[in-house]
Amino acid sequence: MSIALGLIGGTGLYAFPGLEHTTRVEIDTPYGAPSGAYVCGEIDGQRVAFLARHGESHTVAPHRVNYRANVHGFRQLGCKTVIGINAVGGIRYDMGPRVVVVPDQIIDYTHGRASSFSDMPDTKVEHIDFTYPYTPQLRTRLLAAAKQAGVEVIDGGCYGATQGPRLETVAEIARMRRDGCDLVGMTGMPEAVLARELGLDYACLALIANWAAGCGDEGEISIEEIYAHLAAATAQVPPVIRALLAMNRG
Ligand code: HPA
């Protein structure tokens with residue numbers, strides 16, 4: 001049975017609740033090793049593959065993730081649709097802790113990451129359209145699934161991808177706000193562009209863990225609070241994914 005959906009879990013999501021009858025699939029890719037084994041199983045009778053982006057024990061930092069291997073591994077599994085689940089900081093006034101967002105745009109501030117499959121020696125360079133970085137039809141389905149599941153999500157927002165692993169300064173976030181970023185995270189790129197290069201459908205579920213630097217009332221950001229907010233936001237993900245899979249069936 002082919003895999004209906006790939007899931008990439010971010011910080012705070014190292015195994016997917018409700019994924020049953022699982023097998024661990026180790027994949028070697030032309031780009032090296034992914035972050036860990038793909039956990040392939042079933043949700044409500046549909047095949048799903050889950051990968052923990054930072055490894056199951058959170059040992060792979062955002063700038064060290066082998067995004068190419070991770071994305072290529074899904075393709076090797078025969079998976080055509082992938083949802084990236086990402087912890088983020090909120091910049092926009094209505095994007096505070098525990099809010100869930102399906103972003104529609106990206107600004108990439110990362111550097112030094114292998115961000116294309118098109119840079120191997122002697123391979124033809126492919127330029128791709130990236131006007132709408134997330135697959136519009138998949139975003140629409142994800143939003144409809146959230147509605148169906150009764151989970152409140154914000155439709156749209158610009159994800160600013162930073163290098164990490166440190167959080168940002170107040171001045172950096174102020175600049176990102178001026179640039180038009182609504183959210184800030186460390187892993188949204190190059191994952192999205194690599195999925196596009198391989199022709200996969202890809203969308204992002206962004207889980208807000210904290211106000212970005214200088215956006216809340218509290219001064220410095222508490223790492224403990226990040227994890228508490230993230231746990232609350234993460235709990236909203238499985239019903240959305242279940243509803244998305246049910247729409248596939250229907
Ligand atoms: N900045 C960048 N990445 C993040 C943040 C943040 O404030 N919170 C969670 N991931």
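Computed from heavy atoms alone, side chains included, the values below leave out hydrogens, waters and symmetry copies. Atoms within each ligand, like the ligands themselves, are counted from 1 in listed order.
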- Closest non-hydrogen protein atom to atom 10 (N) of ligand 1, residue and atom name please, with distance? Ala87 O, 3.4 Å

- What residue and atom, counting heavy atoms only, is the protein's closest point to atom 8 (N) of ligand 1, and at what distance? Asn210 OD1, 2.6 Å

- Item | Closest protein heavy atom (residue, atom, distance) for atom 2 (C) of ligand 1 | Glu168 OE2, 3.2 Å

- Message: Over 60° means perpendicular and under 30° means parallel, so tell me whether Phe16 and Phe50 are parallel, tilted or perpendicular.
- Response: tilted

- Item | salt_bridge(Lys147, Glu152) N-O dist < 4.0 Å | no

- Who's the nearest protein heavy-atom neighbour of atom 6 (C) of ligand 1, and how far? Leu167 CD2, 3.4 Å

- For ligand 1, which atoms sit closer than 4.0 Å to a heavy atom of Gly185? 2 (C), 3 (N)

- Query: In terms of residue, atom name and distance, what is the protein heavy atom nearest to atom 5 (C) of ligand 1?
  - Reply: Gly89 N, 3.4 Å

- Asp155 with Arg139: basic N within carboxylate O range, under 4.0 Å: yes

- Task: Please write down residue, atom name and distance for the protein heavy atom closest to atom 4 (C) of ligand 1.
- Result: Val184 O, 3.7 Å

- With a 4.0 Å cut-off, would you call Arg242 and Asp44 a salt bridge? yes

- Going by the atom numbers of ligand 1, which of them fall below 4.0 Å from some non-hydrogen atom of Val88? 5 (C), 8 (N), 9 (C), 10 (N)

- Item | Side-chain donor-acceptor pair present, Glu197, Ser116, cut-off under 3.5 Å | yes

- Single-linkage hydrophobic cluster, 4.5 Å side-chain cutoff, Tyr109 and Leu194 together: no

